Amino acid sequence: MSSIDTPLKVSIVAPCYNEEEVIEEFVRRALAAGRSAAEGSFELVLIDDGSRDATWSKIEAMSRQHPEIVGVRLMRNHGHELASTAGIASSRGARILLIDADLQDPPELLSDMMEMMDRGADVVYGQRGVRKGESWMKLTTAAVFYRLLRWLASVDIPSDTGDFRLMTRRVAELLLSMPERDRFLRGMISWIGGRQVPIVYERDERHAGTTKYSYSKLLRLALDAITGFSARPLRIASWAGVITAFIALGLLVYTFYSFEAGWAVTGWSSTMVAITVFSAVQLITLGILGEYVGRLVQQSKGRPLYMVDRVVRDGQDIQLLDCPEMRGARDPRSVTRDPFLP
Ligand code: UDP
Ligand code: MG
């Protein structure tokens, strides 16, 4: 079936990684939200991102009770952004709600978001008013990151937003047509443009379990965001090179002058300072280059973005050959056009 002429009003898409403690409560609330906001014309797509706990068996069991559930299990842990991409690729609804499975984002907001979209929005994104249960450290790093990103990136990425958002099928297809591996979804969706409107909500504490985002995963996401949306760090690296070159020139003149003047030997401290400063600048510059080159290498391999292990739909295991769940795993370069254009 083509995903475009779907009868379903909305697909609720949630990536789940080791969420055995919350998944049942999430499904209960998400199903209730779908029933009331879309008069039952919806599906709940749960992506198991290679969990090592009982998440998948719970998804399988629940999908037998509730035909609205579509379960997709990835071969291994691919990370939040790719798991979300797999979920969007497997969805069939005319609209897609992307939501975390830990109940930090309330599924009940769906009806308000649907109404805002009825009034013509292409994307309704959740903007966090109050954030409960987040550490001081996380709030500060998040604030610094969003400011840095706003300054660096050439695209306006609204601050204090996560991936919690409702988008039209058109935006979802455009998103799927973007081939990059290092996906910073909220940035990519902003980049698409159209009418994007915020809805302010209170972000709750996790219902149960612990965060699946370590600081190293967050740093990786931050670097993906910066390298994916801005070449300015490369320019900063060049400028650092130019400025230090001028300083070096000054030092060179000074060295020759001291040599001529006969007070050359007592230069140990200035030599040490020059060496440490210049090597630091060089290493930083190389590091910035490395961040871009590394991503270029990965991208040039053209591997599938993720691999699907199993799918349950209508309470049954389905054959993977030629099923829509493999769409995101297709060669991304083959789908670079707007599917809605003739
Ligand atoms: N998640 C995932 N794969 C991962 C890490 C996280 O699918 O490798 C899911 C996780 O199950 C949750 C969502 O992404 O539904 C957000 O993760 P989490 O709540 O741990 O992040 P936080 O809210 O603490 O930033
Ligand atoms: Mg969370």
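Numbers for residues simply follow the sequence, beginning at 1. Keep in mind the model is a prediction, meaning the values are calculated, not measured.
A side-chain donor-acceptor contact under 3.5 Å links S230 to the backbone of L152. Without hydrogens or angle criteria, R29 side chain to E25 main chain gives no donor-acceptor distance under 3.5 Å. Side-chain atoms of T211 come within 3.5 Å of backbone N or O of Y213 as a donor-acceptor pair. In terms of modelled atom types and a separation under 3.5 Å, the side chain of R170 and the main chain of M167 share no donor-acceptor contact. Not one N or O on the side chain of D100 forms a donor-acceptor pair closer than 3.5 Å with the backbone of D102. Side-chain N or O atoms of R95 include one that pairs as donor or acceptor with a backbone N or O of M114 at under 3.5 Å. A donor-acceptor pair is defined here as one N or O able to donate and one able to accept, closer than 3.5 Å; no such pair exists between the side chain of S41 and the backbone of A38. Under a 3.5 Å cut-off, the side chain of S57 and the backbone N or O of A54 do form a donor-acceptor pair. Side chain of R181 to main chain of R303: a donor-acceptor pair is present (N/O by atom type, distance under 3.5 Å, no hydrogens or angles). In this structure, N77 contributes its side chain and D49 its backbone to a donor-acceptor pair below 3.5 Å.
Between P233 and I226, the closest heavy-atom pair is CG-CG2, 3.8 Å. Nearest heavy atom pair, residue K138 against residue Y215, reads N-OH, 3.4 Å. Listed here is the closest heavy atom pair of I99 and D105: CD1-O, 3.5 Å. Across A172 and I96, no two heavy atoms sit closer than the pair CB-CD1, 3.4 Å. Listed here is the closest heavy atom pair of L305 and P179: CD2-O, 4.1 Å. Scanning all heavy atoms of the two residues, the minimum distance from L175 to R183 falls at O-NH2, 3.0 Å.
Inter-residue side-chain proximity for Y125 and Q196 is flagged as met; some heavy-atom pair is nearer than 4.5 Å. Residues Y306 and I47 fail the side-chain proximity criterion, which asks for heavy atoms closer than 4.5 Å. Within the 4.5 Å cutoff, the side chain of V308 has heavy atoms near those of the L74 side chain. Under the 4.5 Å side-chain criterion, counting only non-hydrogen atoms from C-beta, L103 is not in contact with D204. For the pair R203/F164, no side-chain contact is recorded, criterion being any heavy-atom separation below 4.5 Å from C-beta on. Residues K212 and H80 fail the side-chain proximity criterion, which asks for heavy atoms closer than 4.5 Å. Using a 4.5 Å cut-off on side-chain heavy atoms (C-beta onward), L98 and L185 make contact. Counting heavy atoms from C-beta outward, I59 and R73 have side chains that stay 4.5 Å or more apart.
The pair R186-D163 meets the salt-bridge criterion, since a charged nitrogen lies less than 4.0 angstrom from a carboxylate oxygen. Taking the charged nitrogens against the carboxylate oxygens, K58 and E20 have no contact shorter than 4.0 Å, which rules out a salt bridge. The pair E43-R313 meets the salt-bridge criterion, since a charged nitrogen lies less than 4.0 angstrom from a carboxylate oxygen. In this structure, R295 pairs ionically with E291, as a charged nitrogen and a carboxylate oxygen lie closer than 4.0 Å. Salt bridge E19/R206: present, at least one basic N to carboxylate O contact under 4.0 Å.
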Full working for side chain to side chain contact (heavy atoms under 4.5 Å, CB included) between L218 and T141
CA-CA 10 Å; L218 275 178; T141 44; 5.5 Å; no
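Taken to the nearest 0.5 Å, the CG atom of D48 stands 8.0 Å off from the CG atom of N18. One finds the OH atom of Y201 at 5.0 Å from the CZ atom of R128 (value rounded to the nearest 0.5 Å).
M116 and L166 fall within a single hydrophobic cluster, where Ile, Leu, Val, Met, Phe, Trp and Tyr side chains are chained together by heavy-atom contacts under 4.5 Å. One hydrophobic cluster, built from ILVMFWY side chains closer than 4.5 Å, cannot hold both V311 and M62; they sit in different ones.
Screening I243, V242, T244 against F246 for a side-chain contact (heavy atoms from CB on, under 4.5 Å) leaves a single residue, V242.
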